[in-house]
Amino acid sequence: MNLSILIPLLNEEESLQELYTWIIKVMQSNNYSYEIIFVDDGSTDNSWSIIEGFSNTDPNVKGIRFMKNFGKSQALHAGFAKAKGDVIITMDADLQDSPDEIPELYDMITAQKFDLVSGWKKKRYDSVVAKNLPSKLFNWAARKTSGVELNDFNCGLKAYKNVVVKNIEVSGEMHRYIPVLAKNAGFGKIGEKVVIHQARKYGETKFGMERFINGFLDLITIWFLSRFGKRPMHLFGAMGSIMFIIGFLSAGYIGVSKLYHMYNGMRYTLVTNNPWFYIALTTMILGTQLFLAGFLGEIILRTKNNEERYKVAREVNF
């Protein structure tokens, strides 16, 4: 199978028919063998009924319905697990991503041998203050932190080799950082393509300003996981040991200093009256806690239970 088109969605009943017709037109004009996987992330409108209607008349249309809204990352995770195409294309269901971009993205994966190609919405039709400027700042920070030179981490239109999506773990709100996850997994040939960004035709955006705040926090998380996710003791243990040693040596110095003053008949104060004693004690306590945090992290990594992070209510055509 050439292509798997993966579309996570939430309450997009107005755009689904137009999107489906558009995708079919592109698939047929290029003679692709394909599947279209809709992942309904707990829609409360008629989105699932429309998807079922597609699947009843077209065996290439497949659907997954979550029991409630679990998030876009979980929707992508579920779709990646089911995708069978040599190339997987992800796109949003709101018609802001153009299916006409699919052939070029497919060629970049198959002919130019990219592992992953990310869309870049160079010209956007979103609010400048509410979305464009925060997005530019967010993408700049993501480039500097991750080392992946992409201009638009948030673009939902991306193309992947099948082997890439089968070897990355998308969880939490990490869908923005799939290129970083791919790089950390050893897939180094990551490209970018300028794509058309269309104004939203129906409904309202499901993402507000909070997504950029969450995005920065997720960026810190993925930076930490990429460096210390397998060995948290290397960070917390090292920091804890250093702090404990500094505190212990400081406390020892305070005690020796008092004994020296006593031996030589010099004026001295009680150790407990010296503010530096409490600073040293606090440093030792913090060092011990950091060391224990690293130790517990190592134990959790070795005993963690990989439970499903979402519940599927129904599937069609799988």
Kindly write out the residues that satisfy side chain to side chain contact (heavy atoms under 4.5 Å, CB included) with [X], not counting sequence neighbours, or none if the list is empty.
X    : value
T110 : V87, Y106, D107
D45  : N11, E13, S43, S47
M243 : T283, L286, L290

Give a yes or no on whether [X] and [Y] share a hydrophobic cluster (residues Ile, Leu, Val, Met, Phe, Trp, Tyr; joining criterion: side-chain heavy atoms under 4.5 Å apart).
X    : Y    : result
M67  : F318 : no
I190 : W120 : no
V26  : Y20  : yes
I24  : L95  : yes
M108 : V195 : yes

Less than 4.0 Å between a side-chain N and a carboxylate O, is that true for E35 and K84?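 No salt bridge links K84 with E35.
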Taking K25 first and then D100, would you say they form a salt bridge - that is, a charged N and a carboxylate O separated by under 4.0 Å?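 No, no charged N to carboxylate O under 4.0 Å.
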Specify whether F244 and F248 have parallel, tilted or perpendicular ring planes, treating 30° as the upper limit for parallel and 60° as the lower limit for perpendicular.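 F244 vs F248 ring planes: parallel.
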Other than [X], what residues sit in its cluster of Ile, Leu, Val, Met, Phe, Trp and Tyr side chains whose heavy atoms are under 4.5 Å apart, directly or through others?
X    : answer
M1   : none
Y253 : none
I246 : I242
M266 : Y260

How long is the gap from [atom1] on [X] to [atom2] on [Y], to the nearest 0.5 Å?
X    : Y    : atom1 : atom2 : result
R65  : L9   : CZ    : CG    : 10.5 Å
Y177 : N184 : OH    : CG    : 13.0 Å
I36  : D58  : CD1   : CG    : 6.5 Å
I254 : L259 : CD1   : CG    : 12.5 Å
Y32  : I89  : OH    : CD1   : 8.5 Å

With sequence neighbours left out, write down each residue that passes salt bridge (Lys or Arg N to Asp or Glu O under 4.0 Å) with [X], or none if nothing qualifies.
X    : answer
E52  : R314
K82  : E315
E192 : none
D41  : none

Under the side chain to side chain contact (heavy atoms under 4.5 Å, CB included) criterion, do L3 and D86 qualify, and how do the steps go? CA-CA 6 Å; L3 279 163; D86 297 330; over 6 Å; no
Donor-acceptor contact present, side-chain [X] to main-chain [Y], <3.5 Å:
X    : Y    : answer
S250 : A280 : no
N274 : W276 : yes
K193 : E101 : no
S15  : E12  : yes
T57  : F54  : yes

Answer whether the closest heavy-atom distance between the side chains of [X] and [Y] falls below 4.5 Å.
X   : Y    : answer
I37 : I7   : no
N69 : L10  : yes
M27 : I102 : yes
D92 : L157 : no
L16 : F38  : yes

In this structure, are over 12 heavy atoms from other groups packed under 6.0 Å from Y263 atom OH?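 12 or below, so no.
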Take atom CZ in F291; do more than 12 heavy atoms of anything else shown fall under 6.0 Å from it?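 Atom CZ in F291 is not crowded, with 12 or fewer foreign heavy atoms closer than 6.0 Å.
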Anything under 3.5 Å between a donor and an acceptor, one on a side chain of residues 158-167, the other on a protein residue two or more places apart or in another chain? List them.
from	atom 1	to	atom 2	distance (Å)
K158	NZ	F153	O	3.3
K158	NZ	C155	O	2.4
K161	NZ	D115	OD1	3.4
N162	ND2	G85	O	2.8
K166	NZ	F80	O	2.6
K166	NZ	A81	O	3.2
K166	NZ	A83	O	3.0
N167	ND2	V163	O	2.6

Among D152, D97, N154, N151, whose side-chain hydrogen bond (donor to acceptor under 3.5 Å, both in side chains) with K121 holds?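 When side-chain hydrogen bond (donor to acceptor under 3.5 Å, both in side chains) is applied between K121 and each of D152, D97, N154, N151, only D97 qualifies.
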Minimum heavy-atom separation for [X] to [Y], with atom names?
X    : Y    : result
V117 : I109 : CG2-CD1, 3.8 Å
I64  : A78  : CD1-O, 3.9 Å
P8   : M91  : CD-O, 3.5 Å
S55  : V61  : CB-O, 3.6 Å
I23  : P99  : CG1-CG, 3.8 Å

Using side chain to side chain contact (heavy atoms under 4.5 Å, CB included), reason through E169 and L181 one step at a time and then give a plain yes or no. CA-CA 8 Å; E169 186 75 12; L181 297 174; over 6 Å; no
Which residue is it: K72, H77, Q74? I am looking for the one with a side-chain contact (heavy atoms from CB on, under 4.5 Å) to H175.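 Result for side-chain contact (heavy atoms from CB on, under 4.5 Å) with H175: K72.
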Walk me through whether V312 and F66 qualify under side chain to side chain contact (heavy atoms under 4.5 Å, CB included). CA-CA 4 Å; V312 175; F66 286 174; 4.2 Å; yes
Please evaluate residues K311 and F70 with respect to the criterion side chain to side chain contact (heavy atoms under 4.5 Å, CB included), reporting the C-alpha separation (whole Å), side-chain torsions for both, the decisive distance (0.1 Å), and the verdict. CA-CA 8 Å; K311 299 295 182 183; F70 285 97; 4.2 Å; yes
